[in-house]
Amino acid sequence: MQQHKTYEWYKIADDITELTFAENGLLQLEVNGKNVCISQFKGDLFACAAKCPHAGGNLSAGYVDALGNIVCPLHRYKFSLVNGRNTSGEGYFLKTYPIEKRENGLFIGIEKGGLFNWLK
């Protein structure tokens with residue numbers, strides 16, 4: 001039985017112009033106690049965990065390749081911005097977060113509950 005994810009939504013900006021991206025097109029923010037990495041790719045915004053699941057590298061110090069993968073600066077592991085899948089073959093998975101553009105701003109979704117949310 002597949003569970004549907006439930007999110008709490010947090011406003012990160014009124015407009016994309018308020019977000020200050022580094023030269024590499026990445027930005028690190030703290031949202032509800034979680035460090036997240038925000039990226040732009042082909043006009044879309046993506047969000048993922050700020051640390052690489054392999055060795056904890058700061059992903060906001062990495063870059064986004066031409067295929068839309070975020071690349072860790074430590075060991076060059078690559079992860080899809082869309083689904084967090086490891087695309088360079090090592091088998092790791094990067095946590096991703098949805099971003100929504102609404103009339104009143106940009107919002108990021110953080111899952112409610114967590115590991116034991118299915119018990120409810």
Checklist entry - Any donor-acceptor pair under 3.5 Å linking the side chain of Asn24 with the backbone of Tyr63? => result no
Are [X] and [Y] connected in the hydrophobic side-chain network, where two residues link if heavy atoms are under 4.5 Å apart?
X: Ile38; Y: Val64; result: no
X: Leu27; Y: Val31; result: yes
X: Phe21; Y: Ile99; result: yes
X: Val82; Y: Tyr77; result: yes
X: Ile16; Y: Leu29; result: yes

Considering all heavy atoms, the nearest [X]-[Y] contact:
X: Ser60; Y: Gln28; answer: OG-OE1, 3.2 Å
X: Cys52; Y: Phe79; answer: SG-CE1, 3.8 Å
X: Leu19; Y: Ala13; answer: CD2-CB, 3.9 Å

Does a side-chain heavy-atom distance below 4.5 Å link [X] with [Y]?
X: Asn104; Y: Phe107; result: yes
X: Leu26; Y: Leu59; result: no
X: His54; Y: His75; result: yes
X: Lys51; Y: Asn35; result: no
X: Thr96; Y: Asn83; result: no

Next on the checklist: For Lys101, is the NZ atom crowded, meaning more than 12 foreign heavy atoms sit under 6.0 Å from it?
Outcome noted: no
Checklist entry - Should the heavy atoms of other residues, nucleotides or ligands under 6.0 Å from NZ of Lys34 be counted, would the total exceed 12? => result no
Item to check | Tyr7: ring pair (Phe, Tyr, Trp, His ring centres under 6.0 Å) partners, not counting sequence neighbours | outcome: Trp9
Next on the checklist: Could you measure the distance from the OG1 atom of Thr87 to the NZ atom of Lys78? Nearest 0.5 Å is fine.
Outcome noted: 6.5 Å
Item to check | Inter-residue atom distance Ile12.CD1 - Tyr97.OH, 0.5 Å rounding | outcome: 13.0 Å
Name each donor-acceptor pair under 3.5 Å that joins a side chain in residues 65-73 to protein atoms two or more places apart or in another chain, with its distance.
unit_1	atom_1	unit_2	atom_2	d
Asp65	OD1	Leu67	N	3.0
Asp65	OD1	Gly68	N	3.1
Asp65	OD1	Asn69	N	2.9
Asp65	OD2	Asn69	ND2	3.3

Checklist entry - Does anything in residues 39-49 pair up under side-chain hydrogen bond (donor to acceptor under 3.5 Å, both in side chains), and if so which pairs, sequence neighbours excluded? => result none
Checklist entry - Parallel, tilted or perpendicular for Phe41 and Phe46, by the 30°/60° rule? => result tilted
